[in-house]
Amino acid sequence: MCYVEGGVCIVSVDFLSVPVANSDRKIGTLPNGMKPLGSTAADQTGSDEVAYIAPLRYRGDSSIYGQLMVKNSGKISVYVSHGGRSYAYYYGQLVFPGTRS
């Protein structure tokens, strides 16, 4: 879920299942042309770099972890240490400033 209020973006996930571990997996995009504040275009930097990042936690096992990321393009993605249907308990939240592009 992505919520925008007064220039503040909140991306929240709960009971997230990620099919493949150890790879960048897209789970969504920011709505209506929103971009992270201070972002740069991919053609300026040569790549779509991560603008903001927060930890993903796993219910029941502290050795399983991940990252929740928002990239300069507005893409929301995750990277986790364990994937598949049996790992459906990731949760996390990322709060960051956003702007219309």
Side-chain angles (χ1 to χ4, degrees):
M1 178 183 109
C2 180
Y3 179 74
V4 180
E5 179 67 39
V8 175
C9 299
I10 302 168
V11 176
S12 184
V13 297
D14 199 5
F15 292 99
L16 178 68
S17 176
V18 181
V20 178
N22 302 317
S23 67
D24 184 21
R25 304 297 292 190
K26 178 181 175 181
I27 61 169
T29 59
L30 296 179
N32 302 325
M34 292 293 293
K35 301 284 186 226
L37 187 64
S39 65
T40 57
D43 60 349
Q44 290 175 316
T45 62
S47 65
D48 187 19
E49 296 295 321
V50 174
Y52 295 97
I53 190 167
L56 277 179
R57 309 252 188 258
Y58 185 82
R59 297 183 193 282
D61 188 342
S62 62
S63 69
I64 299 175
Y65 55 89
Q67 297 173 333
L68 176 60
M69 301 170 281
V70 173
K71 297 192 175 188
N72 285 322
S73 64
K75 175 183 165 184
I76 302 168
S77 62
V78 295
Y79 184 94
V80 297
S81 61
H82 292 76
R85 290 183 182 205
S86 59
Y87 294 98
Y89 299 105
Y90 287 100
Y91 67 98
Q93 187 173 47
L94 178 57
V95 179
F96 59 95
T99 186
R100 295 227 182 264
S101 57

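For reference, positions follow the sequence shown, starting with 1. Remember, it's a predicted structure, so these values are computed and weren't measured experimentally.
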Least distance between heavy atoms, Leu94 atom then Ala54 atom: CD1-CB, 3.6 Å

Near Arg25 CZ, under 6.0 Å, is it more than 12 heavy atoms from other residues, nucleotides or ligands? yes

How about Val70 and Val50: do any of their side-chain heavy atoms sit closer than 4.5 Å? no

Here the gap from Lys26 atom NZ to Ser73 atom OG, rounded to the nearest 0.5 Å, amounts to 8.0 Å

Say you draw a straight line from CG of Leu56 to CD1 of Ile64; how long is it, rounded to the nearest 0.5 Å? 12.5 Å

Do the rings of Tyr58 and Tyr89 sit parallel, tilted or perpendicular, given the 30° and 60° boundaries? perpendicular

CD1/Ile76 to SG/Cys9 distance, rounded to the nearest 0.5 angstrom? 8.5 Å

Determine, using the 4.5 Å side-chain heavy-atom cutoff (strictly less than), whether Ile27 and Tyr65 are members of one ILVMFWY cluster. no

Can you give me the closest heavy-atom contact between Ala88 and Ser17, atom names plus distance? CB-CB, 3.7 Å

Distance-minimising heavy-atom pair for Arg100 and Asn32: NH1-O, 2.7 Å

Counting distance only, does the side-chain N/O of Lys75 pair as donor-acceptor with the main-chain N or O of Gly28 below 3.5 Å? no

Does the cation-pi check pass for Arg59 over Tyr91, that is, NZ or CZ under 6.0 Å from the six-membered ring centre and within 45° of its axis? yes

Under-4.0 Å salt bridge between Lys71 and Asp24: yes

Applying a strict under-4.5 Å side-chain criterion to I, L, V, M, F, W and Y, I'd like to know whether Val11 and Tyr79 cluster together. no

Using 30° and 60° as the class limits, which term best fits the ring planes of Phe96 and Tyr52: parallel, tilted or perpendicular? parallel

Minimum heavy-atom distance Ser81-Ser63, with the two atoms named: OG-O, 4.5 Å

Pairwise side-chain contact, Ile53 with Leu68, heavy-atom cut-off 4.5 Å (strictly under): no

Which heavy-atom pair separates Ile10 from Gln93 by the least distance, and what is that distance? CG2-NE2, 3.3 Å

hydrophobic_cluster_shared for Val20 and Tyr90, side chain cutoff 4.5 Å: no

